[in-house]
Amino acid sequence: MIKKIMLISALAVACGFLGFSGFSQGGAEGGKASGDAAAAAKKFLATLDETQRGKAVYDFKDEAQRKRWSNLPTTMVKRGGLRLGDLKQEQRDAATALLAAALSPAGKEKVLQIVEGDEQLKKNDRGGGPGGRGGPGGGPGGPAMFGHDEYYISFLGQPSATDPWMLQFGGHHLGINVTFAGEHTTLAPSHTGAQPAIYEFEGRTVRPLGREVDKSLALLLSLDEAQAKKAILGFQMHDLVLGPGRDGQTIEPEGVKGSALNDRQREMLLDLAGEWTGIMKDDAAKAKMAEMRKNIAETWFAWSGPKEKGKGYFRIQGPTVLIEYAPQNLGGDITKHIHTIYRDPQNDYGAKWWKN
C-alpha cells in the first residue's frame with residue numbers, strides 16, 4: 001500500500017495540475033458526497049476571472065456541450081471549457097481538489113494514470129512510427145495533440161448540493177461526465193482509454209486499465225464449454241459499438257446471460273463492472289452495484305477475439321448498464337491501446353432525475 005501511494009504521489013507531481021494531497025484522501029461518503037463536490041467546484045470557479053468563468057460554465061440544458069466529449073485528441077475533436085495548460089498553479093490545485101471530491105480515490109488514480117500515459121505518448125511518439133498521429137506537436141509548428149496540458153474542464157449548470165449540474169473532464173482517451181442531482185450521481189456516459197496501456201514510471205510498471213484486463217480474462221476462463229460457446233462471438237470486434245457520439249443508440253444483447261452463470265461467475269461479472277462504477281464515490285458506486293445485482297440474471301457477457309490477456313473485446317450489457325472494452329490495432333500492439341465506454345441505457349447523463 002505504501003509503494004502504491006508513493007507511485008501515485010510521483011504521478012501527481014509529474015502531471016503538474018494534480019496534487020497528491022487531494023488524491024490521497026478519499027473525501028466524504030454518503031449524502032455528503034454531492035455537496036462536497038459542489039463546494040469544491042465553487043472553490044475552483046472562485047479562482048477564475050470573469051472571462052475564464054464564462055468559458056468554463058455552460059447552461060445545464062446545453063445539449064451540444066453535454067455531448068462534446070471524445071476519445072480523440074483535442075486537435076481533432078474540439079472540447080469546451082478551460083484547457084489545463086492555460087491555468088495558473090492555484091487554479092490547477094483547485095481542479096485537483098475538485099476531482100478528489102467528485103471521484104473515488106481509485107477513480108482519481110485511474111484518471112491520473114491515463115493523463116500521465118498521454119504525457120508518455122507525447123514524449124515517445126514522433127508521429128512517424130506505428131500509432132503516430134502527427135507527433136506530439138501535430139506536425140512541425142502544429143498544435144500539441146498529447147500531454148498533460150491538453151485536457152479540459154467544464155461545467156453544465158451551477159454547482160449545487162440540490163439542483164442538477166454536471167462536471168466534465170477529458171481529453172485524449174478520457175471523457176469523464178459526472179452528473180449530480182441532489183443525492184443522486186451517475187458517471188454515465190463516460191470514456192476511459194489508454195495509450196500506452198502499459199508504461200514505466202519512476203521504476204514501476206503502470207497499467208491504467210490493468211484490473212479490467214485481468215478480471216475480464218479470469219471471467220472468460222472460468223466459463224465451461226457450453227457457457228463459452230455462448231459468450232464468444234463468431235466474429236471479430238475492432239472498436240466500441242456505442243462509444244462517443246453514439247448517445248441514444250442501442251444494440252441487441254449477445255453472449256452468455258447472467259442466468260446461465262453460477263454464483264461465483266456472477267460475482268466475477270459484477271466485480272469486473274465495478275472497475276467502471278467504482279470511479280464514482282462509494283455511495284453512488286454502491287447504489288449502482290445494488291441495481292446491477294438486482295438485474296444480474298438479465299445481464300450478458302460477450303467476448304470477441306483471442307482468449308489472451310488484453311487482446312479480446314468484451315461487453316457487459318444489462319437493463320441499466322452497458323460496458324465495452326476494445327483493444328485497438330492502431331499502434332501495432334493491441335494490448336497497449338485501449339478504448340472503453342460506460343453507459344446506462346436508461347439514465348445516461350442522469351436524465352431520469354432532471355428531464356421533464
State whether a side-chain donor-acceptor pair under 3.5 Å links [X] with [Y].
{"X": "Glu200", "Y": "Thr205", "result": "yes"}
{"X": "Arg68", "Y": "Gln65", "result": "yes"}
{"X": "Asp239", "Y": "Gln328", "result": "yes"}

[X] to [Y] - nearest heavy-atom pair and separation:
{"X": "Thr335", "Y": "Ala197", "answer": "O-CB, 3.4 Å"}
{"X": "Ala97", "Y": "Ala40", "answer": "O-CB, 4.1 Å"}
{"X": "Ala161", "Y": "Gly35", "answer": "CB-CA, 3.9 Å"}
{"X": "Ala56", "Y": "Leu45", "answer": "CB-CD2, 4.5 Å"}
{"X": "Ala144", "Y": "Thr75", "answer": "O-CG2, 3.2 Å"}
{"X": "Ser104", "Y": "Met280", "answer": "CB-O, 3.1 Å"}

message = Suppose the criterion is side chain to side chain donor-acceptor pair (under 3.5 Å): which pairs have a residue in residues 49-60, not counting sequence neighbours?
response = Gln52-Gln91

key: Trace of the side chain to side chain donor-acceptor pair (under 3.5 Å) decision for Glu90 with Thr47   = CA-CA 7 Å; Glu90 175 195 7; Thr47 69; 5.6 Å; no

Keeping [X] on the side-chain end and [Y] on the backbone end, is there a donor-acceptor pair under 3.5 Å?
{"X": "Asp344", "Y": "Asp348", "answer": "no"}
{"X": "Arg343", "Y": "Gly243", "answer": "yes"}
{"X": "Thr185", "Y": "Ala284", "answer": "no"}

Salt bridge (charged side-chain N to carboxylate O under 4.0 Å, His left out) pairs, two or more places apart, involving [range]:
{"range": "residues 69-86", "answer": "Arg83-Asp86, Arg83-Glu150"}
{"range": "residues 212-232", "answer": "Lys110-Glu212, Arg207-Asp214, Asp214-Lys309, Lys215-Asp271, Lys215-Glu275"}
{"range": "residues 161-176", "answer": "none"}

task = Using salt bridge (Lys or Arg N to Asp or Glu O under 4.0 Å) as the criterion, list what pairs up with Lys336, not counting sequence neighbours.
result = none

inquiry  = If the condition is salt bridge (Lys or Arg N to Asp or Glu O under 4.0 Å), which residues does Lys311 pass it with, not counting sequence neighbours?
reply    = Glu308

ask   = Taking NZ, NE, NH1 and NH2 as the nitrogens, is one of them in Arg66 or Asp247 under 4.0 Å from a carboxylate oxygen of the other?
value = no

ask   = Do the charged groups of Lys286 and Asp282 touch, with an N to O distance under 4.0 Å?
value = yes

query = Who passes side chain to side chain donor-acceptor pair (under 3.5 Å) against Arg266, sequence neighbours left out?
reply = none

Tell me which pairs pass ring-ring contact (aromatic ring centres under 6.0 Å, His included) where either residue lies in [range], with sequence neighbours left out.
{"range": "residues 173-196", "answer": "Trp165-Phe180, His173-His337, His173-His339, His184-Trp353, His191-His339"}
{"range": "residues 257-289", "answer": "none"}
{"range": "residues 283-311", "answer": "none"}
{"range": "residues 59-102", "answer": "Phe60-Trp354"}

query = Shared ILVMFWY cluster between Val115 and Ile338, side chains joined below 4.5 angstrom?
reply = yes

key: Single-linkage hydrophobic cluster Met289~Leu219, side-chain heavy atoms < 4.5 angstrom   = yes

List the atom pairs, with distances to 0.1 Å, where a side-chain N or O of residues 312-320 and a protein N or O form a donor-acceptor pair under 3.5 Å, not counting sequence neighbours.
from   : atom 1 : to     : atom 2 : distance (Å)
Tyr313 : OH     : Arg315 : NE     : 2.9
Tyr313 : OH     : Arg315 : NH2    : 3.0
Tyr313 : OH     : Glu324 : OE1    : 2.6
Arg315 : NH1    : Glu254 : OE1    : 2.9
Gln317 : NE2    : Ile251 : O      : 2.9
Thr320 : OG1    : Glu291 : OE1    : 2.8

remark   = When Lys122, Gln195, Met76 are each screened for side chain to side chain contact (heavy atoms under 4.5 Å, CB included) with His172, the one that passes is Gln195

Intermediate values then yes/no, side chain to side chain donor-acceptor pair (under 3.5 Å), Thr340 and Thr192 = CA-CA 5 Å; Thr340 87; Thr192 51; 2.7 Å; yes

